[in-house]
Every structure is written in C-alpha cells, then in structure tokens.
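Residues take their numbers from the sequence shown, with the count starting at 1. Computed from a predicted structure; not experimentally measured. Atoms within each ligand, like the ligands themselves, are counted from 1 in listed order.
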Amino acid sequence: MPEVVTLGEPLVQLNAVTTGPLRYVTYFERHVAGAEANVAVGAVRMGLTSGLISSVGNDEFGKLIIQSLRGEGVDVTQIKTDGAAPTGVYFVQRGYPRPGRSSVLYYRRGSAASRLGADDVRASYIKNAKWLHLTGITPALSDSCRSACERAFEIARKSGIKISFDTNIRPALWDSRDAKGVLLSMVSRADLLFTDPDDTRVLVGEGEPARAAKLLRERGPATVVIKLGREGAQAFTGKGAFKQKAYDVPVVDPIGAGDAFAAIFVCGTLKGWSTGKCLQAAVVAGALVITARGDEENIPSEPEIQEFLRDVKETE
Ligand code: KDG
C-alpha cells in the first residue's frame with residue numbers, strides 16, 4: 001500500500017508552445033497534470049510510494065493518464081475507468097496578457113473524475129498510508145466529489161493518518177463564497193496547510209502571511225505554509241515563523257509549481273526534515289517546475305535539489 005495517498009482529478013494538459021492569446025496558438029504540447037496527480041508524482045521522485053484515488057474516461061486521454069502515472073511509479077489501482085464520461089482536459093495560455101504568467105482554460109465539466117463519490121474511497125487504502133493529501137479543487141468539482149473528500153478526511157482522522165490540504169481555490173470552478181464555507185471546514189481537519197495570499201483573503205479576509213497564518217492555525221492546522229511566488233514562501237508552526245526567498249530562474253510556465261512545492265514539503269516532513277529544510281527544498285521544486293512547460297516533468301529528486309542549491313542563487 002502506498003505511503004502517500006491523494007484523491008483528485010488527473011487531467012490532460014494542452015500547453016501552448018508559443019506565448020500569446022490562444023486563438024493565435026497553432027501548436028500545443030501534451031502533458032499529464034492535475035494538482036493531486038502532480039503531488040503523487042512528486043512523492044515518487046522523493047523516493048516514497050504514492051497512489052491516486054480517481055477516475056478517468058474510457059478514452060485515449062484516460063489511457064494516457066494511467067499509462068503515464070504508472071510509468072512514473074504512482075499506484076493506479078484506485079483509478080477507475082468510467083465508460084460514461086470523458087477524461088478532463090485543460091489548455092494553458094502562456095505569457096499573455098501578463099508576461100511570465102499563465103492562464104488555464106478547463107474542459108472538464110461532467111468529466112469522469114467529477115463523478116467520483118464516497119463509495120470510491122476504500123478505507124483500507126487510506127488506513128494503511130502514512131499521509132493523505134487533498135486540495136480545494138476536488139470539492140469544487142461536484143457534490144459527489146465533495147463527499148469523496150469528506151470520506152477520505154473521516155477515514156484519515158479516525159486512523160490517525162496525517163493530512164495535508166492545499167486550499168487551491170479555482171475561481172473558474174466555483175464562487176468564492178461557496179468555496180469559503182466548504183474549504184474552511186476542510187482546513188480545520190488538516191495537520192499541514194498550504195495556501196497563498198489570494199486564498200487567505202477569501203478564507204480569512206487577510207493577505208498578510210503572518211496574520212493570515214495565525215487566523216488559520218487557530219482553526220486547527222499545526223503548520224501553515226504560505227506560498228508567495230516571486231517572494232518565496234513562509235511557514236508558521238508552533239516553533240515560530242520560517243522564511244525562504246525565491247530562486248532566480250527564467251519563468252516559462254508557472255502552472256504546477258504549487259503542487260511540486262506541496263509534494264516536496266510533505267515528503268520532507270515524512271523524512272523527518274526540519275521546517276526550514278522542507279521549505280527550502282519545496283521552493284527549489286517550485287522554481288524548477290516554472291522553468292518548463294508541464295507540471296510533472298521538472299519535479300526534482302533529492303539529489304537534484306542538492307545540485308540546484310549548489311548552483312542557483314536566491315533572488316535579491
Ligand atoms: O496546480 C496545477 C493544476 O492547477 C493543474 O494541473 C490543473 O489540477 C488542475 C486544476 O484543477 O487547476
């Protein structure tokens with residue numbers, strides 16, 4: 001049974017090869033992505049075992065996702081194939097209208113993964129894990145997906161399995177008022193929380209990291225980690241506050257950085273690393289992911305993180 005278990009929608013990503021508005025893009029590069037699938041791949045890169053609970057369509061993209069995740073070493077036994085709905089897809093538009101930024105266009109409504117439900121979550125799969133990772137994307141997909149998350153939380157809490165939660169609010173998927181209530185209830189059941197100032201403004205009305213983290217820690221999570229993009233990241237624990245600057249790297253496509261960050265932080269925690277070391281390695285992983293198209297390809301292994309640190313400077 002895998003050490004790190006996650007639940008969510010794997011997607012095929014069609015990433016614009018050239019920057020600019022999508023209507024002028026002729027070539028797209030195909031990748032396998034999806035926040036939770038990315039974390040599962042990251043865990044394997046860090047030398048741990050991982051598995052994804054999900055569903056894909058009985059179509060070429062579904063086959064691609066299973067083949068790719070299996071090839072990466074992720075356990076795919078809990079990914080169902082649903083003959084009645086398609087695999088979700090999204091496009092990435094790069095560098096326009098904000099240079100260095102990307103935007104996402106989803107084609108996932110009614111997808112196979114959006115039909116996941118509580119019955120698809122096997123208690124023994126989570127009970128035998130060391131860690132459960134969930135994100136705020138899955139409960140936004142459908143009521144049944146929200147129930148699947150609730151069940152995963154319940155099993156993990158009852159069995160004493162550590163839980164990390166990445167707020168990942170996607171305004172394209174739901175209204176922020178709906179997101180707030182659902183996600184705050186999930187936040188309160190997490191041990192380790194990943195978030196960013198946009199999300200903390202929605203959740204607790206505060207974008208300043210230390211104040212937001214205080215409000216969030218009061219709700220339950222012992223550790224709150226705030227991702228700050230070009231400003232690096234900060235972690236807040238019972239022992240105090242930790243800061244890590246970003247690294248100076250060329251930005252090709254920032255999508256996926258947060259998942260690499262979460263994967264490496266979770267795995268570092270499982271390996272018994274200090275908060276400072278987890279934070280630094282997680283920022284390195286995020287930095288590497290933004291230098292290439294695709295979410296999973298550039299998630300580093302432990303030796304690759306060390307190699308990066310020997311060579312790359314922090315931002316001024
Ligand atoms: O974090 C990267 C993800 O946003 C991307 O792979 C797509 O899972 C995705 C989502 O729902 O936005």
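Near Ala33, meaning under 4.0 Å from one of its heavy atoms, ligand 1 places the atoms 6 (O). Using a 4.0 Å cut-off to heavy atoms of Asn38, the atoms of ligand 1 that qualify are 6 (O). Applying the 4.0 Å criterion to heavy atoms of Leu11 picks out, from ligand 1, the atoms 7 (C), 8 (O), 9 (C). Annotation for ligand 1: atoms under 4.0 Å from non-hydrogen atoms of Asp259 are 1 (O), 2 (C), 3 (C). Numbered from 1 in the order shown, with element, the atoms of ligand 1 that lie under 4.0 Å from a heavy atom of Gly256 read 2 (C). Counting the atoms of ligand 1 from 1 in the order shown, those under 4.0 Å from a heavy atom of Tyr106 are 10 (C), 11 (O), 12 (O). Near Arg170, with a cut-off below 4.0 Å to any heavy atom, the atoms of ligand 1 are 1 (O), 3 (C), 4 (O), 10 (C), 12 (O). The ligand atoms of ligand 1 that sit less than 4.0 angstrom from a heavy atom of Tyr90 are 5 (C), 6 (O), 7 (C).
Note on ligand 1: Gly258 sits outside its first shell, no heavy atom being nearer than 4.0 Å.
A donor-acceptor pair under 3.5 Å is formed between the side chain of Gln93 and the backbone N or O of Leu22.
For the salt bridge (charged side-chain N to carboxylate O under 4.0 Å, His left out) with Arg115, the qualifying choice from Asp143, Asp82, Asp120 is Asp82, the only one to do so.
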* Asked: Taking it one step at a time, do Glu36 and Thr135 satisfy side chain to side chain donor-acceptor pair (under 3.5 Å)?
  -> CA-CA 7 Å; Glu36 302 80 6; Thr135 86; 2.5 Å; yes

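For Asn168, no heavy-atom contact with ligand 1 is shorter than 4.0 Å.
Ser301 and Glu304 share a donor-acceptor pair across their side chains, judged by distance under 3.5 Å alone.
Between Thr315 and Tyr247, every side-chain heavy-atom pair lies at or beyond the 4.5 Å cut-off. Between Arg108 and Leu141 the shortest side-chain heavy-atom distance falls below 4.5 Å.
Remark: ligand 1 and Ile255 share no N or O pair separated by less than 3.5 Å (distance only, no angle test). Backbone and side-chain nitrogen or oxygen atoms of Gly34 are examined, and one is located within less than 3.5 angstrom of a nitrogen or oxygen of ligand 1.
Using cut-offs of 30° and 60° on the angle between ring planes, the pair Phe165 and Phe153 is tilted.
Closest to atom 11 (O) of ligand 1 by heavy atom, among Glu9, Glu296, Arg108, His31, is Arg108.
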